[in-house]
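In this chain, numbering begins with 1 at the start of the sequence shown.
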Amino acid sequence: LWLHPGEAELVNLRDQQTQWQRAQEKARLESKQPAVTLDSRAIEVAANIGGPLDVPVALEFGAEGVGLFRTEFLFLDRETAPSEEEQYQAYRQVADGLGDLPLIIRTLDVGGDKPLPYLDLGHEENPFLGWRGIRFCLGHPEIFKPQLRAILRAGDGRNVKIMFPMIGTIDEIRMVKDILVEVKNVLAKGRIPFDDDMPVGIMIEVPSAAAIADILAAEVDFFSIGTNDLTQYTMAADRGNSNVAGLAQALSPAVLRLVSQTVNAGHDAGIWVGMCGELAGNEVATPLLVGLGLDELSMSAPSIPAVKEAIRNVTMAEARQLAE
């Protein structure tokens, strides 16, 4: 904040503003082109969305797909859970809007600090460490199974993948996969069309998942790193607490080591690894993330042009050196 800028300062600031606007416009005009490093390494750049209306915006900014479709909008701010059919229609609308581009649908991530008015979740002293994400869904099959059916149905003939949040143990992903098989059997018996080969992925956002990423990689088709939660859990710093905000930095070496470990474990197992946390949309961090070996970056749509531009201005050798 400049309280009393002089004329020289104003001229300088206006010049900076003009340069910034030109750079933004250049990036926007080129945003629909692929993001390829100077030495020909392609990085997929996708969008995080929260509903069907976000799809045209994502495509306008150059998204090459949706790396995170948050499904909570269907469940919050209402008196009853959405029906399977309502969910199916919403998921299909997004998939159809993307055409052949990939769509990753994350299953319901509520509980703890995101209550559902039609379910009594009880009081928790530490909601971020409580009954949320996949823990909640496994405890509420009457909510979980209809969503799985809706996603599988929406994937029929479309490029849809399913992703599970807050996985922290090998038992959790195996329980999820067992339920997925059960749900598929129900659809098959009812002769309801669905995608029987839908790729399955998990979010790496709990440090325990990063610690056993090599084991988890054998169970799934892809990883997506959620840096927001991974950072607060690794640093033991609530991201909403201003007293410890200085600790909740995704660029902490501790967090970056977990990212690197996860990427290496995924690649060793032959699966791709993306990132859908806030860090993925920070163009200053883009060369670092490229150097860590990430295959995909997913972010809020307006961040896409600048991130793509950053990818095009770096070589893998430079990026790896920065990561080291």
J.: So how far is it from L103 CG to L98 CG, rounded to the nearest 0.5 Å?
T.: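 Taking CG in L103 and CG in L98, the distance rounds to 5.5 Å.
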J.: For V273 and T262, which heavy atoms make the closest approach, and how far apart are they?
T.: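 Closest approach of V273 to T262: CG2-O, 4.1 Å.
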J.: Taking the side chain as everything from C-beta on, heavy atoms only, tell me whether L180 gets closer than 4.5 Å to L148.
T.: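 Result yes, sub-4.5 Å side-chain heavy-atom pair found.
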J.: Using a cut-off of 6.0 Å, state whether more than 12 heavy atoms not belonging to R257 lie near its atom CZ.
T.: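 It does not: R257 CZ has 12 such atoms or fewer within range.
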J.: Show your reasoning for whether side-chain contact (heavy atoms from CB on, under 4.5 Å) applies to K184 and D195.
T.: CA-CA 9 Å; K184 287 181 178 181; D195 183 0; over 6 Å; no
J.: Flag yes if M275 and I202 sit in one hydrophobic cluster, no otherwise; membership is Ile, Leu, Val, Met, Phe, Trp, Tyr, and two members link when side-chain heavy atoms are under 4.5 Å apart.
T.: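 Linked, M275 and I202 end up in one cluster.
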J.: Would a 4.5 Å heavy-atom cut-off, applied to side chains only, mark S252 and M235 as touching?
T.: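 In short, these two side chains touch, coming nearer than 4.5 Å.
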J.: Between S300 and N48, does the side chain to side chain donor-acceptor pair (under 3.5 Å) criterion hold? Intermediate values first, please.
T.: CA-CA 5 Å; S300 62; N48 298 339; over 6 Å; no
J.: Roughly how far, to the nearest 0.5 Å, is CE of M198 from CG of N159?
T.: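 CE of M198 is found 9.5 Å from CG of N159.
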J.: Identify the two heavy atoms, one from T227 and one from A250, that lie closest to each other, and give their separation to 0.1 Å.
T.: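 Smallest heavy-atom distance, with atoms named: CB-CB, 4.4 Å.
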J.: Is there a donor-acceptor pair closer than 3.5 Å between any side-chain N or O of N282 and the backbone N or O of V284?
T.: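 Yes; at least one donor-acceptor contact below 3.5 Å.
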J.: Answer yes or no: is there an ion pair linking R320 with E324, defined by an N-O contact shorter than 4.0 Å?
T.: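 Not counted as a salt bridge, because no side-chain N and carboxylate O are separated by less than 4.0 Å.
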J.: When you measure from the side chain of D156 to the backbone N and O of L152, does any donor-acceptor pair fall under 3.5 Å?
T.: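 No; judged by distance alone, with no hydrogens or angles, the pair does not exist.
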J.: When you compare the side chain of L289 with that of L279, does any pair of heavy atoms fall below 4.5 Å?
T.: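 The answer is yes; the side chains approach within 4.5 Å.
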J.: Check this for me: does any side-chain nitrogen of one of D109 and R106 sit under 4.0 Å from a carboxylate oxygen of the other?
T.: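 The answer is yes: the pair qualifies as a salt bridge.
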J.: Answer yes or no: is there a donor N or O on one side and an acceptor on the other, between the side chain of S31 and the main chain of F61, under 3.5 Å?
T.: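 The answer is yes, because a donor-acceptor pair under 3.5 Å joins these two groups.
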J.: Is N12 reaching over with its side chain to a backbone N or O of A8, donor-acceptor style, under 3.5 angstrom?
T.: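 Not a single qualifying donor-acceptor pair exists.
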J.: Can you confirm whether T37 sits close enough to T315 that some side-chain heavy atom of one is under 4.5 Å from a side-chain heavy atom of the other?
T.: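 No. Closest side-chain heavy atoms not under 4.5 Å.
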J.: What's the separation between atom NE2 in H4 and atom CD in E9, rounded to the nearest 0.5 Å?
T.: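 Rounded to the nearest 0.5 Å, the NE2-CD separation comes out at 11.0 Å.
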J.: Checking side-chain contact (heavy atoms from CB on, under 4.5 Å) for the pair T286/I311: CA distance, chi angles, key distance, verdict?
T.: CA-CA 7 Å; T286 299; I311 291 171; 3.5 Å; yes
J.: Taking NZ, NE, NH1 and NH2 as the nitrogens, is one of them in K145 or E84 under 4.0 Å from a carboxylate oxygen of the other?
T.: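 Looking at K145 and E84, the cut-off is not met.
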J.: I'd like to know if I49 and L53 are part of one continuous hydrophobic network [Ile/Leu/Val/Met/Phe/Trp/Tyr, side-chain heavy atoms within less than 4.5 Å].
T.: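 Different clusters.
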J.: With distance as the sole test, does Q232 use its side chain to make a donor-acceptor pair with the main-chain N or O of A248 at under 3.5 Å?
T.: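 Not at all, since once roles are kept as given, no pair shorter than 3.5 Å links the two residues.
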J.: Do you know the tightest heavy-atom contact between A47 and I304?
T.: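 Heavy atoms of A47 and I304 come nearest at CB-CD1, 4.1 Å.
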J.: Please tell me if the side chains of F136 and F144 come closer than 4.5 Å, counting only heavy atoms from C-beta onward.
T.: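 The answer is no, as the side chains (C-beta and beyond) never meet within the 4.5 Å cut-off.
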J.: Would you mind checking if D229 and R239 are paired as a salt bridge, meaning a charged N to carboxylate O distance below 4.0 Å?
T.: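 Yes.
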J.: Before you tell me yes or no, could you show the steps for M166 and R135 under side-chain contact (heavy atoms from CB on, under 4.5 Å), namely the whole-Å CA-CA distance, both residues' side-chain angles and the distance that decides it to 0.1 Å?
T.: CA-CA 8 Å; M166 288 290 292; R135 304 167 183 177; 4.1 Å; yes
J.: Can you label the angle between the W131 ring and the H140 ring as parallel, tilted or perpendicular, going by 30° and 60°?
T.: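 The rings of W131 and H140 sit tilted, inter-plane angle from 30° to 60°.
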J.: Does a sphere of radius 6.0 Å around CD in E219 hold more than 12 heavy atoms from other residues, nucleotides or ligands, not counting ones at 6.0 Å or beyond?
T.: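 Yes, because the 6.0 Å sphere around CD of E219 holds more than 12 heavy atoms from other groups.
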J.: Please step through side chain to side chain donor-acceptor pair (under 3.5 Å) for the pair D171 and T169, ending with a clear verdict.
T.: CA-CA 5 Å; D171 289 338; T169 71; 5.1 Å; no
J.: Taking the six-membered ring of F194, is the NZ or CZ of R153 close enough (under 6.0 Å from the centre) and on axis enough (within 45°)?
T.: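 So R153 doesn't make the cation-pi contact.
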J.: Quick check: does any side chain N or O of S208 sit under 3.5 Å from a backbone N or O of G168, one acting as donor and the other as acceptor?
T.: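 Yes, S208 side chain to G168 backbone: donor-acceptor pair under 3.5 Å.
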J.: Looking only at heavy atoms, which two atoms of Y233 and P207 are closest? And how far apart?
T.: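 Looking at all heavy atoms of both residues, the closest pair is CB-CD, 3.4 Å.
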J.: Would you say the side chains of Q147 and T71 form a donor-acceptor pair under 3.5 Å?
T.: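 Yes - a donor-acceptor pair under 3.5 Å links their side chains.
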J.: If the threshold is 4.0 Å, N to carboxylate O, is there a salt bridge linking D54 and R70?
T.: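 No, D54 and R70 are not salt-bridged.
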J.: Can you get from I151 to V220 by hopping between Ile, Leu, Val, Met, Phe, Trp and Tyr side chains that sit under 4.5 Å apart?
T.: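 I151 and V220: one cluster.
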J.: Within a strict 4.5 Å, meaning less than it, do heavy atoms of the L297 and E44 side chains meet?
T.: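 Not touching, per the 4.5 Å side-chain cut-off.
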J.: Any idea which heavy atoms bring G293 and H267 closest together, and the distance?
T.: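 It is O-CE1, 3.0 Å.
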J.: Please report the shortest heavy-atom distance between L138 and V176, naming the atom on each side.
T.: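 That closest heavy-atom pairing would be CD2-CG2, 4.1 Å.
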J.: Give a yes or no on whether E85 atom CD has more than 12 heavy-atom contacts from other residues, nucleotides or ligands under 6.0 Å away.
T.: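 Count over threshold, so yes.
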J.: Hey, which of I179, N185, D178 is the one that makes side-chain contact (heavy atoms from CB on, under 4.5 Å) with V181?
T.: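 Among I179, N185, D178, the one meeting side-chain contact (heavy atoms from CB on, under 4.5 Å) with V181 is N185.
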J.: Does any N or O in the side chain of S303 come within less than 3.5 Å of the main-chain N or O of M299, such that one atom is a donor and the other an acceptor?
T.: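 Judged by distance alone, no pair lies under 3.5 Å.
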J.: Rounded to the nearest 0.5 Å, what's the gap from CG on L216 to CD1 on I271? Could you check?
T.: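 So the CG of L216 and the CD1 of I271 are separated by 9.0 Å.
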J.: If you measure from the Lys or Arg side-chain nitrogens to the Asp or Glu carboxylate oxygens, is any gap between E172 and K177 under 4.0 Å?
T.: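 No, this pair does not count.
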J.: State, with a plain yes or no, whether a side-chain heavy atom of Y88 is found less than 4.5 Å away from one of R149.
T.: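 No; the side chains remain at least 4.5 Å from each other.
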J.: Would you check, one step at a time, whether the test side-chain contact (heavy atoms from CB on, under 4.5 Å) holds for L294 with I225?
T.: CA-CA 10 Å; L294 285 152; I225 301 171; 4.1 Å; yes
J.: So, are E64 and K308 salt-bridged, with charged N and O less than 4.0 Å apart?
T.: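 K308 and E64: salt-bridged.
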J.: Could you measure the distance from the CD1 atom of I204 to the OG atom of S224? Nearest 0.5 Å is fine.
T.: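 OG of S224 is found 9.0 Å from CD1 of I204.
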J.: Hey, could you give me the CD/CZ distance between E86 and F75, rounded to the nearest 0.5 Å?
T.: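 Result: 9.0 Å between the selected atoms.
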J.: Within a strict 4.5 Å, meaning less than it, do heavy atoms of the M316 and V290 side chains meet?
T.: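 SC-SC contact between M316 and V290 confirmed.
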J.: Between D221 and V200, is there a donor-acceptor pair closer than 3.5 Å when you use the side chain of the first and the backbone of the second?
T.: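 Yes, because the side chain of D221 sits within donor-acceptor range (under 3.5 Å) of the backbone of V200.
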J.: Grouping I, L, V, M, F, W and Y whenever their side-chain heavy atoms are under 4.5 Å apart, do I162 and V160 come out in a common cluster?
T.: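 In one cluster with I162: V160, yes.
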J.: State plainly whether the residues D96 and R158 are in salt-bridge range, i.e. N to O under 4.0 Å.
T.: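 Looking at D96 and R158, the cut-off is met.
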J.: Under the side chain to side chain donor-acceptor pair (under 3.5 Å) rule, what do R22 and Q19 come out as? Steps first, then yes or no, please.
T.: CA-CA 5 Å; R22 286 175 180 167; Q19 291 180 36; over 6 Å; no
J.: Do Y91 and L108 share a hydrophobic cluster, counting only Ile, Leu, Val, Met, Phe, Trp and Tyr and linking them when any side-chain heavy atoms are less than 4.5 Å apart?
T.: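 Linked, Y91 and L108 end up in one cluster.
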J.: Going through the checks in order, is the side chain to side chain donor-acceptor pair (under 3.5 Å) test met by Q89 and Q93?
T.: CA-CA 6 Å; Q89 293 295 340; Q93 182 181 349; over 6 Å; no
